[in-house]
Amino acid sequence: MPEALRFLTRTSGRTQLDWTDWLSYVYLVFGLFLMFGPVLWIVMSSFKTQSGLSDFPPTFLPYGQKTVHVTGHEARLPLYRVKKPDGSTRELAELRRIGLTATMIDPAKPDEEMPVNIKDREKTSELRVATENYTELFGKLSFGRYLWNSVFITVVATLITLLFNSMAAFALSKYRFKGQKTVFLLIIATLMIPPTIILVPNFLVISNLGLLNSLWGVIWPAVATPTGVFLLRQYMLTIPDELLDAARMDHASEWQIYWRIVLPLTAPALAVLAIFSVMWRWNDFLWPLIVLSRSELFTLQLALNAFQGELQTEWNYLLAMTVITIIPVTLVFAFLQKHITTGIASSGVK
Amino acid sequence: MSHRAQKDSDQARANPLGQALTWLPRLLEPVMRFAQRVLGTRRMPWLFLTPNLLIFGTFTFLPIVINFYYAFTGGVKLFPSERPFTGMENMVTLFDCRDYFNPSTCRKDIFWQAVFNTAKFAVLQVGLMVVFSVITALVLNKKIIGRGFWRGVFFYPVLLSPVVVALIWKWILQSQGVLNGLLIGVGASPTEWLTSANWMFFWVILVSIWAHMGFYTLIVLAGLQAIPKDLYDAAQMDSASPWRVLRRITLPLLMPNLLVVIVLALIRAVQIFDEVFVLTGGGPGTATTFLVQFIYQTGFASEIHLYGLAAAASLVLAGALLVLTLLQLKITRGGEIRNSDAEGGAGHA
C-alpha cells in the first residue's frame, strides 16, 4: 500500500489533480450537502401547506392538495382521485368524512353526493407554494411584536456596546494612569466567568433594578463585553499617539479626541465587533428566557421556543418563522463572511 | 485639530457606518466637555471606563459574590435578607449519594444524571468535533478551487441561533420527517429518533458538532497556515507520502493549537444548554438533561424555585470551568494575554 501511495503521488504533476485532491472535493461536496442540506430542507418545507407537510414520505418540492370551488359550498373542497368499482378513476371533491367513509361529490354535478371508502381514493396534489405561511404570520401569533422586540434589543444593545466598549478601550490604550493594568486584567478576567454560572444572582440583580420583564433587562447585562474591549483596545494601540497630541495642541477636548479622531480610525475593528454583537444579541436565548416571561415581550427566539413546545404545533407557521429568523444571519453571512472568518481566525473570538 | 486627523474624521463621517458611529458621541459632547472641566484631564480615562466597569460590577462581579451567599442559604425567597443561613446544606443535598457511580442512589438523582450526561457529552462531542475539524481544516488548507466559498460552507451553521438549529433538526428527525422518508426510500425501517434515549443522545452530539464545527475548523486552519511552508517543500523533495507528512510534520506542529481548541471546546461543551433544551427538553426522561438545564430548572422553571440549590450547582459547574480555564492558561503559557485567551471561558461575550 505505501508503495502504491508513493506511486500515485509521484505521478501527479503540479497542475494535475492527485488522489488526495479528488478525495478532498468529494469531502467538500459531502460537507456542502450536510451543512446546507438541513437549512435548505427547512426553507423548502416552509413553503408547504399544512396538508403538504403531513405527507409521508415527504417531497422535496412543495406539493399541496388540490382544492376546488364547488357551487353551493363556501370553502374550497379538497380533491381526490377516486377509483370506481368498475376500474375507472374520477376526480371527486370531499364534502365530509366519517370514519372510513367519505361523502364526495363531483365538482361538475354538485347535487349528487356519493359515499366513498377512503381506501379507494388518493389525494390529488399540485405544485403549490404556500406563501400564506409567511403573509399570515403577521396577523397571527403577533409575529410583528416578536420581530420588533428582537430588532430593538439587537440594535440598541449593539449601539451601546460599540459606545461603551470603545470608550473603555480608548482609556486603556491611549492613556497611562495608575491602576490601568489592574482594570485591564479585571476586564479580561470576566471572560472566564460565563453567564451560565451566575444566572441566579443576576436574576436577583435584574429584579432589584426593576428590569424583570423589560427589554432593558436583556440589554444592560450584555453591553459590556470583555471581548469587545479587548478587540478594540488591540486595534487602538496601533493608532499613533502623535495624532492625539496634535489635537490637544489645537485645544480639542478629550471627548473630541475620542470621537473625532480615534473612533473613525477604529472603524474596521468596530465593524467586526458590530457584526459579532448583532449575532450574539439576535441569537441570545437563555438570558432572555429568564428575564422575559410575558409573551408580548418575547424575542423571536423565545417565540420559536414557545410555539414548538405547544401541544398542537402549527409547523407551517413555525417553519416560516424560523426561516425569517435565519434571513438576517444569512445576509450577514453572505456579505460579511470574509470579515467574520478572518476576524475569528486572527482573534479567536466568537 | 491636526490636518490629517481632520481629514480622517471627515472621511469617516462621509461613509454611512462612520456617521452611525459618531452621532451618539456627538450628542454627549456638551456633557463630556463639562465633565472634563470639573474632573480635569487626568481623571478623564476613569470617566471613559465608568460605564463598562459599572456594568461589569453590577452584572458580573456582584453576582459572583451573591452566588456564594445563595449557595449557603436556603428557603424559596429571592431576596437575600429573607433567606435563612443553612451552611453546607445545599452542597450536602447535592452530594448525598450512596454510590457516586450510580445516579439513582443519590438524593438529587437528576443532578448526578446531569453530571454524568455532561461529562459523557463533553468527551464524545469534543473528541469527534476535533477530529472532524482537523480533517476539514486539512482539506480547506489544500490548493482547492474556491477556498473562501468552501470555508464559508462549513462556517455557516455557526451563525445560526441555537433555537433555529434545534428546530431544523427536530423537523428532520420527527417520525414523519425527511430522515425517516430517506430511510424508507433506501429500504430501511424508520426509527422514532426523538423518543429513543440512546438515539437522542447520539443526535444531540451530532447536532452540536454540526452547529459548532465551523468555528473550530477556522482556528485549526489558522494553526495549519502558521506551519512554515519550507517544511512541506523539504518533505516533497524526499517524496514523503501524504500520510507520513501528516504524521511527522502537520500533526506535531499543530499540537499546541489543537490543545487550545480542545480546552475551548470542552469549556463550551460543559455549558451545553440552548439547542438541547429546545430539541429534546432534556428527554426522553433525563437522557439529555445537562448541568445548565438542571440549574435552570431548579432555579427558575420548576414550581418551587430552589435558588440555593441552583446556586450550589452553579458553583460545581464553576469549579469544572475553573479547572479547564487553568488548564488553558497553562497551555497558553500563563501570564501573557494571548489572542486565543480572548475566547476564555465565556464563549458568548
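Lettering of chains follows the sequences in order, A, B, ..., and the numbering in each one begins at 1. Since the structure is predicted, the reported quantities are computational estimates derived from the model, not experimental observations.
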Go through the atoms of [X] and report whether side chain, backbone, both or neither lie under 4.5 Å from a heavy atom of chain B.
X      : value
A/P221 : both
A/T325 : side chain
A/V26  : neither
A/F164 : both
A/L244 : neither
A/V229 : side chain
A/I290 : side chain
A/S277 : neither
A/F333 : both
A/N165 : both
A/V183 : side chain
A/F60  : neither
A/V329 : both
A/W315 : side chain

Distance, nearest 0.5 Å, that separates [atom1] of [X] from [atom2] of [Y]:
X      : Y      : atom1 : atom2 : value
B/R42  : A/E254 : CZ    : CD    : 12.0 Å
B/T41  : A/Y175 : OG1   : OH    : 8.0 Å
B/Q36  : A/S253 : CD    : OG    : 5.5 Å
A/S46  : B/W171 : OG    : CH2   : 10.5 Å
A/I42  : B/I172 : CD1   : CD1   : 7.0 Å
B/L315 : A/I197 : CG    : CD1   : 8.0 Å

Practice item. Answer yes or no: does atom CZ of A/F33 have more than 12 heavy-atom neighbours from other residues, nucleotides or ligands under 6.0 Å? Key: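 Open.
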
Review point. Has B/R244 got more than 12 heavy atoms of other residues, nucleotides or ligands less than 6.0 Å from its CZ?
Key: no

Residue selection (most heavy-atom pairs with chain A, distance under 4.5 Å) from [options]:
options                       : value
B/A318, B/G214, B/A35, B/G299 : B/A318
B/W46, B/F277, B/F149         : B/W46
B/D274, B/I66, B/L324         : B/D274
B/S314, B/G223, B/P51         : B/P51
B/V178, B/L221, B/I168        : B/V178

With a 4.5 Å cut-off on side-chain heavy atoms, are [Y] and [X] touching?
X      : Y      : answer
A/N283 : B/L160 : no
A/N208 : B/F79  : yes
A/I193 : B/L321 : no
A/W259 : B/L28  : no
A/L172 : B/L49  : yes
B/T58  : A/V205 : yes
A/Y25  : B/V139 : no
B/F59  : A/I198 : no

Using modelled atom types and a 3.5 Å cut-off, is there a donor and acceptor pairing between side-chain atoms of [X] and backbone atoms of [Y]?
X      : Y      : value
A/Q308 : B/L167 : no
A/W255 : B/P25  : yes
A/N305 : B/V278 : no
B/Y296 : A/L199 : no
B/N52  : A/A224 : no
B/W210 : A/L34  : yes
B/N67  : A/P201 : no

Between [X] and [Y], what is the shortest heavy-atom contact and its length?
X      : Y      : value
B/P45  : A/A171 : O-CB, 3.4 Å
A/V200 : B/F300 : CA-CZ, 3.9 Å
B/S161 : A/Q301 : OG-OE1, 2.6 Å
A/M167 : B/L47  : CE-O, 4.2 Å

Measuring heavy-atom distances to chain A, does [X] have an atom under 4.5 Å in its side chain, in its backbone, in both, or in neither?
X      : value
B/T50  : neither
B/F273 : side chain
B/L138 : neither
B/S175 : backbone
B/I145 : both

Practice item. May I ask you to name which of A/L53, A/L209, A/L23 has the most heavy-atom pairs under 4.5 Å with chain B? Key: A/L53

Practice item. Name the option with the most non-hydrogen atom pairs under 4.5 Å to chain B; the candidates are A/L300, A/V223, A/L186. Key: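 Heavy-atom pairs under 4.5 Å are most numerous for A/L186.
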
Check your understanding: Could you go step by step and tell me if B/V292 and A/L286 meet the side chain to side chain contact (heavy atoms under 4.5 Å, CB included) rule?
Key -> CA-CA 10 Å; B/V292 174; A/L286 178 56; 3.9 Å; yes

Exercise for review: Measure the acute angle between the ring planes of A/F36 and B/Y156, then classify it against the limits of 30° and 60° as parallel, tilted or perpendicular.
Suggested key: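 Rings of A/F36 and B/Y156: tilted, as their planes differ by 30° to 60°.
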
Review point. Checking side chain to side chain contact (heavy atoms under 4.5 Å, CB included) for the pair A/L204/B/Y307: CA distance, chi angles, key distance, verdict?
Key: CA-CA 10 Å; A/L204 169 79; B/Y307 297 115; over 6 Å; no

Exercise for review: Just do the side chain to side chain contact (heavy atoms under 4.5 Å, CB included) check on A/W282 and B/L159 with the steps written out, would you?
Suggested key: CA-CA 10 Å; A/W282 185 260; B/L159 300 178; over 6 Å; no

Exercise for review: Starting from the C-alpha separation in whole Å, work towards a yes-or-no answer on side chain to side chain contact (heavy atoms under 4.5 Å, CB included) for A/Q256 and B/R33.
Suggested key: CA-CA 9 Å; A/Q256 274 179 325; B/R33 199 178 276 276; 3.2 Å; yes

